[in-house]
> 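Have a look at this one before I ask anything.
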Amino acid sequence: MTNLTNWDATAKEKARKGFRIHLLAFVLVTPAIWLVWYFTGQSYPWPLWSTPAWAVGLLFHYLGVFVFSRRASDARNP
């Protein structure tokens, strides 16, 4: 049972680290995308498509790591 507990803790930490990396990429790349749009002609705001879509993906990543994983672990350990 100890190995299973250690594995669960390691998997949770890796999932949290993966979310932090995803968030950091979003925070760094989104302004770069908007800068590319700004300096290449502001005819149509095409980053309005990629930014919200990526934000929704980030939201689902957050929910999967921090919300739904708790519910699953609570169901396994009453």
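Positions are given from 1 along the sequence.
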> Which residue pairs satisfy the salt bridge (charged side-chain N to carboxylate O under 4.0 Å, His left out) criterion with at least one member in residues 24-46, sequence neighbours excluded?
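Passing the test, one end in residues 24-46: no pairs.
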> Could you tell me which non-hydrogen atom of Pro47 sits nearest to which non-hydrogen atom of Pro52, and how far apart they are?
O-CD, 3.9 Å
> Please tabulate, for side-chain N and O atoms in residues 54-64, each donor-acceptor pair with protein atoms closer than 3.5 Å (sequence neighbours left out).
| from | atom 1 | to | atom 2 | distance (Å) |
| --- | --- | --- | --- | --- |
| Trp54 | NE1 | His22 | NE2 | 3.0 |
| His61 | ND1 | His22 | ND1 | 2.7 |

> Under the side-chain hydrogen bond (donor to acceptor under 3.5 Å, both in side chains) test, which residues partner Trp46, sequence neighbours left out?
none
> Sequence neighbours left out, what passes side-chain hydrogen bond (donor to acceptor under 3.5 Å, both in side chains) with Glu13? Give chain and number order.
Arg20
> Indicate, with yes or no, if Leu23 and Ile21 share a hydrophobic cluster defined by side-chain heavy-atom contacts under 4.5 Å among Ile, Leu, Val, Met, Phe, Trp and Tyr.
no
> For residues 32-51, which residue pairs pass the salt bridge (charged side-chain N to carboxylate O under 4.0 Å, His left out) check, not counting sequence neighbours?
none
> Would you list the pairs meeting side-chain hydrogen bond (donor to acceptor under 3.5 Å, both in side chains) in which at least one residue belongs to residues 30-41, sequence neighbours left out?
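As it turns out, the side-chain hydrogen bond (donor to acceptor under 3.5 Å, both in side chains) pairs with a partner in residues 30-41, which skip direct neighbours, are Trp34-Thr51.
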> For residues Phe39 and Ile33: do they belong to one hydrophobic cluster (side chain heavy atoms under 4.5 Å, members Ile, Leu, Val, Met, Phe, Trp, Tyr)?
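They do share one cluster, since a chain of ILVMFWY contacts under 4.5 Å joins Phe39 to Ile33.
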> Hydrophobic side-chain clustering at under 4.5 Å (ILVMFWY, transitive links): who's grouped with Leu28? Put none if nobody.
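Joined to Leu28, directly or through intermediates: Leu24.
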> Tell me the salt bridge (charged side-chain N to carboxylate O under 4.0 Å, His left out) pairs involving residues 46-67, sequence neighbours left out?
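Counting only pairs at least two positions apart or across chains, no salt bridge (charged side-chain N to carboxylate O under 4.0 Å, His left out) contact touches residues 46-67.
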